[in-house]
A.B. asks: 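For reference, the structure I am asking about is given below.
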There are 2 protein chains.
Amino acid sequence: MTSFTEENYLKAIFHLCENKNGLAVSTNELAEITQTRAASVSDMLRRLSEKELILYKKYQGVTLTEEGKSIALKIIRKHRLWEVFLVEKLGFGWDEIHEIAEELEHIDSKVLTERLDNFLGNPKFDPHGDPIPDEKGNMPSQVSFKLSEAVINTELVMLGVSEDSAPFLQHLDKLSLHLGAKLRVLDVSGYDQSLHIEINKAGTIHISKEVACSILVSKK
Amino acid sequence: MTSFTEENYLKAIFHLCENKNGLAVSTNELAEITQTRAASVSDMLRRLSEKELILYKKYQGVTLTEEGKSIALKIIRKHRLWEVFLVEKLGFGWDEIHEIAEELEHIDSKVLTERLDNFLGNPKFDPHGDPIPDEKGNMPSQVSFKLSEAVINTELVMLGVSEDSAPFLQHLDKLSLHLGAKLRVLDVSGYDQSLHIEINKAGTIHISKEVACSILVSKK
DNA sequence: ATAAAAATTTAGACTAATCTAAAAATTTAT
DNA sequence: ATAAATTTTTAGATTAGTCTAAATTTTTAT
Ligand SMILES: [Mn+2]
Ligand SMILES: [Mn+2]
Ligand SMILES: [Mn+2]
Ligand SMILES: [Mn+2]
């Protein structure tokens with residue numbers, strides 16, 4: 001059995017690896033993301049390694065074994081399914097769900113997960129646009145790029161966000177930037193790289209480079 | 001903050017107290033219900049007492065303080081709401097939900113609980129007929145008595161069960177004994193006190209005294 | 001009223017998860 | 001290539017929750 005804590009570590013390793021294209025994750029990175037000290041991480045890595053959930057060479061960072069990856073994907077599946085539930089069924093905003101899903105993701109019942117998935121209509125993406133792995137851990141793929149890298153005047157669709165802090169998501173809400181919105185970059189400032197964009201052919205707004213970097217889009 | 005474990009102890013004390021009409025609960029009773037040893041219980045009681053969640057005098061048993069009771073009722077509220085969700089929304093049988101609800105009841109989010117309550121239509125009773133406390137901890141009350149104590153030939157409605165083990169509930173399923181069923185006791189055996197009962201004016205069955213003792217009914 | 005039995009608590013030990021401080025290894029800069 | 005800085009690990013301690021075995025208290029039976 002994997003504990004609540006072990007599951008959080010595996011998930012953190014998975015996410016960090018993902019952002020680094022498979023490169024090994026460092027102790028300090030994990031300490032930061034799990035809100036603990038490096039010493040605690042070292043100790044946990046030793047234990048996860050004994051359980052063969054990670055590949056770990058002292059001082060050389062860590063990656064997941066197949067089994068570790070499989071567990072991480074199951075947690076991520078549950079996290080994202082519960083997020084869909086919270087938004088679609090209970091009417092939560094996308095900025096309010098992360099902490100609750102952090103707890104729900106550890107509920108240990110295969111049949112519950114599969115029934116929930118069905119109840120929700122087998123969604124492929126969560127409310128932040130993140131892909132929901134299937135029972136076997138396969139992620140639906142979706143080609144997307146940062147809004148900040150879009151070609152001017154191209155028709156775009158907003159598919160996701162790469163940050164999910166509440167303040168960021170609330171900021172997007174204020175600007176009416178929701179998943180599915182049709183976007184078009186009208187202009188990029190030469191001074192601060194802020195973007196002037198059109199939303200749903202209706203109005204236009206200005207957004208900072210930082211915001212544009214965290215918005216994921218595809219060509220329409 | 002109360003831990004997962006502390007919450008389970010408080011809930012156990014609440015339920016045991018309930019069955020004894022407010023009398024103090026013994027260490028051994030708690031050890032049995034929490035699946036631990038008496039020594040572990042003693043230790044936990046010392047800690048809960050320090051937190052002023054229970055009234056505890058060594059060797060004299062334990063009762064809940066108002067605060068302890070309030071926490072226990074919040075957990076029970078969540079347990080029963082999640083049970084309704086599992087049956088009404090996800091299609092689980094009443095025999096499959098207890099263990100899952102044991103985990104879900106510890107999810108700590110007031111707003112989640114209240115939104116779930118609304119989503120479910122503010123149910124007053126769970127799938128086993130047990131009352132769901134409201135936000136303030138008030139239990140809806142319902143007068144019921146054991147089927148084994150019913151007067152012969154009276155019209156009855158099945159309101160709940162006082163045991164919720166899967167084998168017992170599955171046994172009731174096989175006999176088509178569901179909440180809301182209209183029952184009538186036709187006869188009680190002088191030999192083994194087994195009952196001959198009519199269900200929904202449709203058919204009749206024989207049930208043992210033990211089963212009849214765990215079925216709660218009211219006059220129609 | 002004593003002794004035996006049962007229930008409960010204490011003592012001492014263990015594991016998981018964490019911490020701080022110190023030691024060791026690796027990386028970076030001169 | 002060596003020293004300095006940074007990262008990581010180890011050592012030793014702490015807390016929650018559990019256990020077994022022993023001691024203590026309460027209850028029951030003679
Ligand atoms: Mn989590
Ligand atoms: Mn998400
Ligand atoms: Mn529980
Ligand atoms: Mn129930």
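Only heavy atoms go into these numbers, but all of them, side chains included; no hydrogens, no water, no symmetry mates. Throughout, a chain's letter reflects where its sequence line sits, starting with A, and its residues are numbered from 1.
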A.B. asks: For nucleotides 11-15 of chain D, which of its nitrogen or oxygen atoms have a protein nitrogen or oxygen under 3.5 Å away, and what is each distance?
C.D. replies:
none

A.B. asks: Closer than 4.0 Å, any side-chain N/O of A/Tyr9 to the OP1 or OP2 of C/dT18?
C.D. replies: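 The answer is yes; a side-chain N or O of A/Tyr9 sits under 4.0 Å from OP1 or OP2.
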A.B. asks: Between A/Ser40 and A/Asp43, is any side-chain donor less than 3.5 angstrom from a side-chain acceptor?
C.D. replies: no
A.B. asks: Counting the atoms with a prime plus P, OP1 and OP2 as sugar-phosphate, which does B/Thr5 contact under 4.0 Å by heavy atoms, base, sugar-phosphate, or nothing?
C.D. replies: sugar-phosphate
A.B. asks: Whether B/Arg47 and B/Glu6 form a salt bridge (side-chain N of Lys/Arg under 4.0 Å from carboxylate O of Asp/Glu) is what I want to check.
C.D. replies: no
A.B. asks: So which atom in B/Ala38 and which in B/Thr27 form the shortest heavy-atom distance, rounded to 0.1 Å?
C.D. replies: O-CG2, 3.5 Å
A.B. asks: Rounded to whole Å, please give me the gap between CG in B/Leu45 and P in C/dT10.
C.D. replies: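 That distance rounds to 11 Å.
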A.B. asks: With a 4.0 Å cut-off on heavy atoms, is B/Ser40 in touch with a base, just the backbone sugar-phosphate, or nothing at all?
C.D. replies: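 Base: the residue B/Ser40, judged by heavy atoms under 4.0 Å, touches a nucleobase.
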A.B. asks: Using atom CG of A/Leu48 as one end and atom P of D/dT9 as the other, report the distance to the nearest whole Å.
C.D. replies: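 Distance, rounded to whole Å: 13 Å.
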A.B. asks: Could you state the CG-P distance from B/Asn8 to D/dA16, rounded to the nearest angstrom?
C.D. replies: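 These atoms are roughly 17 Å apart.
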A.B. asks: Output yes when A/Lys69 and A/Glu66 qualify as a salt bridge under the 4.0 Å nitrogen-oxygen rule, no when they do not.
C.D. replies: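 Here A/Lys69 pairs with A/Glu66 in a salt bridge, since their nearest N and O are under 4.0 Å apart.
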A.B. asks: With the threshold set at 4.0 Å, does a side-chain nitrogen-carboxylate oxygen contact exist between A/Arg77 and A/Asp134?
C.D. replies: no
A.B. asks: Does a side-chain N-to-carboxylate-O contact under 4.0 Å join B/Glu105 and B/Arg80?
C.D. replies: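 Judged by the 4.0 Å cut-off on N to carboxylate O distance, B/Glu105 and B/Arg80 do not form a salt bridge.
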A.B. asks: Rounded to the Å, how far apart are B/Leu30 CG and C/dT9 P?
C.D. replies: 10 Å
A.B. asks: D/dG17, OP1 or OP2 - any side-chain N/O from B/Arg47 closer than 4.0 Å?
C.D. replies: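 So the side-chain polar atoms of B/Arg47 do come within 4.0 Å of the phosphate oxygens OP1 or OP2 of D/dG17, strictly under.
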A.B. asks: Answer yes or no: does a side-chain N or O of B/Thr36 lie under 4.0 Å from OP1 or OP2 of D/dG17?
C.D. replies: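 The answer is no; no side-chain N or O of B/Thr36 sits under 4.0 Å from OP1 or OP2.
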A.B. asks: Is the gap between the ring centers of B/His79 and B/His98 under 6.0 Å?
C.D. replies: yes
A.B. asks: If I take atom CZ in residue B/Arg46 and atom P in nucleotide C/dA11, what distance separates them, rounded to the nearest angstrom?
C.D. replies: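 Value for this atom pair: 11 Å.
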A.B. asks: Using the ring of each side chain (for Trp, its six-membered ring), is B/Trp82 parallel, tilted or perpendicular to A/Phe85, with breaks at 30° and 60°?
C.D. replies: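 Ring orientation, 0 to 90° scale: tilted.
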A.B. asks: What is the distance from CZ of A/Arg37 to C1' of D/dT7, rounded to the nearest Å?
C.D. replies: 14 Å
A.B. asks: Please give, in whole Å, the distance from D/dT25 C1' to B/Lys57 NZ?
C.D. replies: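 It works out to 15 Å between those atoms.
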A.B. asks: Taking only nitrogen or oxygen atoms into account, show me every contact under 3.5 Å that the protein makes with nucleotides 3-8 of chain C, one pair per line with its distance.
C.D. replies:
from  : atom 1 : to      : atom 2 : distance (Å)
C/dT8 : OP2    : B/Asn28 : N      : 2.9
C/dT8 : OP2    : B/Asn28 : ND2    : 3.4

A.B. asks: Rounded to the nearest Å, what distance is computed from the CG atom of residue A/Asp43 to the C1' atom of nucleotide C/dT15?
C.D. replies: 11 Å
A.B. asks: Counting neighbours of CD on A/Glu18 that are heavy atoms of other residues, nucleotides or ligands and sit closer than 6.0 Å, is the number greater than 12?
C.D. replies: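 Atom CD in A/Glu18 is packed in, count exceeds 12.
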